[in-house]
Amino acid sequence: MARVLVIGAAYVDVVVNVQHLPQSGEDVAGDWRSTQVGGSAFNVQRALTYAGVTADLFAPVGQGEHAAIVQATFQRLGIPVLVRDESADNGWDVSFVEANGERAFLSITGVERRWQAEWFERISLADYDYVYLSGYELEDARAANVILTVLSQQPHLRVLFDTSPRVGSLTPAVRQRVIRPGMLIHGNVVEIQRLGTPTETYQETAQRLNAITGELVVVTLDAQGSYYVEHGQGHMVPGTATRVVNTIGAGDTHCGGLLAELAAGHTTAQAVQRANVLAARVVGQQGGALEI
């Protein structure tokens with residue numbers, strides 16, 4: 001089975017249920033649900049593990065109260081700490097979950113924005129086949145340059161770029177480096193459309209991205225399922241019916257399920273279907289990460 005490296009962050013999510021997001025000057029009541037470790041990379045690694053694929057999590061653990069929560073969670077789940085940098089605490093966020101299950105984040109960044117080329121000396125990228133990479137880590141141009149430069153030195157890697165809600169904040173130079181031949185692209189319909197033009201449908205944008213990359217492009221469509229383009233051909237894979245409790249981690253889990261199936265050598269159609277199933281499972285629970 002192919003080996004997977006998940007690059008990114010482990011955040012602390014403070015999850016609060018609200019009837020609706022507050023407007024400017026408004027005071028709304030909230031219901032605290034949990035304080036838990038999340039972050040795109042952490043959620044992706046948990047989905048891969050849930051699917052039976054061993055994946056290494058390359059996310060820095062810092063020094064501070066949030067880093068202590070991350071450290072304890074890693075220890076409980078048996079996740080090795082591959083990067084430790086005590087120059088800052090780990091980031092955290094308030095995750096507002098509305099009555100319909102939709103989420104919004106207020107994030108405070110930390111050590112996960114301080115990427116150093118030296119961190120990669122602690123692992124051997126030559127040992128991996130697939131790499132997960134999120135737009136969150138690429139929003140900072142300096143961090144993006146560090147990560148993308150290191151990855152460019154390993155042309156054998158199949159890199160999945162998960163666009164993230166921050167894709168609109170990527171600099172033109174970074175965007176050009178990730179939308180390139182050989183890059184797999186994954187995002188929800190809103191994120192993918194941010195990579196297109198105002199007159200393009202998401203299908204047209206996905207087709208154009210596939211023409212540039214020559215690789216798989218996946219667009220998630222919530223309960224409808226997923227649309228993907230491969231070899232210039234578009235395909236729709238229906239979703240799985242479920243009761244939505246919390247959409248935190250839905251896209252991350254979809255990425256993890258997709259990578260798990262691809263790493264196991266299954267077809268793209270099988271991989272997208274499995275990803276749909278796992279994403280439906282995670283939105284039916286309170287936490288944003290699947291646990292065995």
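Side-chain heavy atoms closer than 4.5 Å link hydrophobic residues (I, L, V, M, F, W, Y) into clusters, and following such links, possibly through other members, connects Ile79 to Val37. Under the 4.5 Å side-chain heavy-atom criterion for ILVMFWY residues, a single connected hydrophobic cluster contains both Ile123 and Ile147. Put simply, Leu148 and Phe161 are part of the same group of oily side chains (I, L, V, M, F, W, Y) that touch within less than 4.5 Å, one to the next. Cluster annotation: Val217 and Val167 are assigned to the same hydrophobic cluster (Ile/Leu/Val/Met/Phe/Trp/Tyr, side-chain heavy-atom contacts under 4.5 Å, transitive). Transitive grouping of hydrophobic side chains (ILVMFWY, heavy atoms separated by less than 4.5 Å) brings Leu216 and Tyr132 into a common cluster.
Between the CD1 atom of Ile108 and the CG atom of Asn90 there is a distance of 13.0 Å, given to the nearest 0.5 Å. Here Gln71 contributes atom CD and Ile69 contributes atom CD1; the two are 12.0 Å apart, rounded to the nearest 0.5 Å. Here the CG-CG distance, from Leu82 to Leu57, works out to 7.0 Å after rounding to the nearest 0.5 Å. A distance of 7.5 Å separates OG in Ser95 from CD in Gln36, rounded to the nearest 0.5 Å.
Donor-acceptor pairing under 3.5 Å is lacking for the side chains of Gln203 and Arg208. Between the side chains of His254 and Ser226, at least one donor-acceptor pair of N or O atoms lies under 3.5 Å. There is a side-chain donor-acceptor pair under 3.5 Å between Glu191 and Asn188. No hydrogens or angles considered: nothing links the side chains of Asp162 and Ser164 as a donor-acceptor pair under 3.5 Å. In summary, the side chains of Arg166 and Ser107 do not present any donor paired with an acceptor at a separation below 3.5 Å, with no hydrogens or angles considered. Judged by distance alone, the side chains of Asn17 and Asp31 never bring a donor and an acceptor atom under 3.5 Å apart.
No donor-acceptor distance shorter than 3.5 angstrom exists from the side chain of Glu261 to the backbone of Leu258, with no hydrogens or angles considered. Gln176 places no side-chain N or O within donor-acceptor distance of the main-chain N or O of Ala173, the cut-off being under 3.5 Å. For the pair Asp13 (side chain) and Val15 (backbone), a donor-acceptor distance under 3.5 Å is absent. A distance-only check finds no donor-acceptor pair linking the side chain of Ser134 to the backbone of Glu137 [under 3.5 Å].
Nearest heavy atom pair, residue Asn43 against residue Ala289, reads OD1-CB, 3.4 Å. Nearest heavy atom pair, residue Pro80 against residue Phe74, reads O-CD2, 4.2 Å. Between Met183 and Val159, the closest heavy-atom pair is SD-O, 3.3 Å. When every heavy atom of Ala260 is checked against every heavy atom of Ala51, the shortest pair comes out as CB-CB, 3.6 Å. Across every non-hydrogen atom of Gly232 and Gln207, the tightest pair is O-OE1, 3.0 Å. The two residues Ala55 and Val6 come nearest to each other via the heavy atoms CB-CG2, 4.3 Å.
Taking the six-membered ring for Trp and the full ring otherwise, the centers of Tyr227 and Tyr202 sit less than 6.0 Å from each other.
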Test side-chain contact (heavy atoms from CB on, under 4.5 Å) on Val53 and Leu259; report intermediate values, then the result. CA-CA 9 Å; Val53 174; Leu259 281 172; over 6 Å; no
Check against side-chain contact (heavy atoms from CB on, under 4.5 Å), Leu48 and Val44: CA-CA 6 Å; Leu48 280 154; Val44 169; 3.9 Å; yes
Apply side-chain hydrogen bond (donor to acceptor under 3.5 Å, both in side chains) to residues Thr240 and Asn276 and explain how you reach the verdict. CA-CA 7 Å; Thr240 301; Asn276 286 353; over 6 Å; no
Where do Phe58 and Phe120 land on the ring-ring contact (aromatic ring centres under 6.0 Å, His included) test, with the steps shown first? CA-CA 9 Å; Phe58 198 62; Phe120 287 93; 5.0 Å; yes
Take Val97 and Arg33 through the side-chain contact (heavy atoms from CB on, under 4.5 Å) test and state the conclusion after the steps. CA-CA 10 Å; Val97 182; Arg33 301 303 302 170; over 6 Å; no
Glu215/Arg180 under salt bridge (charged side-chain N to carboxylate O under 4.0 Å, His left out): CA gap, chis, key distance, verdict: CA-CA 9 Å; Glu215 275 287 3; Arg180 59 162 178 79; over 6 Å; no
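Applying the ring-ring contact (aromatic ring centres under 6.0 Å, His included) rule to Trp92 yields the partners His66; only residues at least two apart in sequence or on another chain are considered. Applying the salt bridge (charged side-chain N to carboxylate O under 4.0 Å, His left out) test to Arg114 and every residue at least two apart in sequence or in another chain returns nothing.
Of the charged side-chain nitrogens involved, at least one lies within less than 4.0 Å of a carboxylate oxygen, so that Arg76 and Glu291 count as a salt-bridged pair.
With Leu151 as the fixed residue, the side chain to side chain contact (heavy atoms under 4.5 Å, CB included) test singles out one of Leu5, Val146, Leu157: Leu157.
For Gln23, the CD atom is loosely surrounded, since the number of other residues' heavy atoms within 6.0 Å does not exceed 12. More than 12 non-hydrogen atoms from other residues, nucleotides or ligands lie less than 6.0 angstrom from NE2 of His156. For Glu26, the CD atom sits in a packed shell: over 12 heavy atoms of surrounding residues, nucleotides or ligands are nearer than 6.0 Å. The local environment of CD in Gln270 is crowded, with over 12 non-hydrogen atoms from other residues, nucleotides or ligands closer than 6.0 Å. Glu118 CD: more than 12 foreign heavy atoms inside a 6.0 Å radius.
Contact of the Val131 side chain with the Val4 side chain is not registered, since no non-hydrogen atoms from C-beta on lie closer than 4.5 Å. Side-chain contact between Leu221 and Val219 is present, with heavy atoms from C-beta onward closer than 4.5 Å. The shortest side-chain heavy-atom distance between His186 and Thr163 does not fall under the 4.5 Å cut-off. Within the 4.5 Å cutoff, no side-chain heavy atoms of Thr253 are placed close to those of Arg281. At a threshold of 4.5 Å between non-hydrogen side-chain atoms, the residues Trp32 and Val14 count as touching. No side-chain heavy atom of Val81 sits less than 4.5 Å from a side-chain heavy atom of Gln75. Residues Val283 and Thr242 are in side-chain contact: their nearest non-hydrogen atoms beyond the backbone lie under 4.5 Å apart. Taking 4.5 Å as the limit, some side-chain heavy atom of Val16 sits within range of a side-chain heavy atom of Val94.
Geometrically, Arg3 engages Tyr128 in a cation-pi contact, judged by NZ or CZ lying under 6.0 Å from the ring centre and within 45° of the ring axis.
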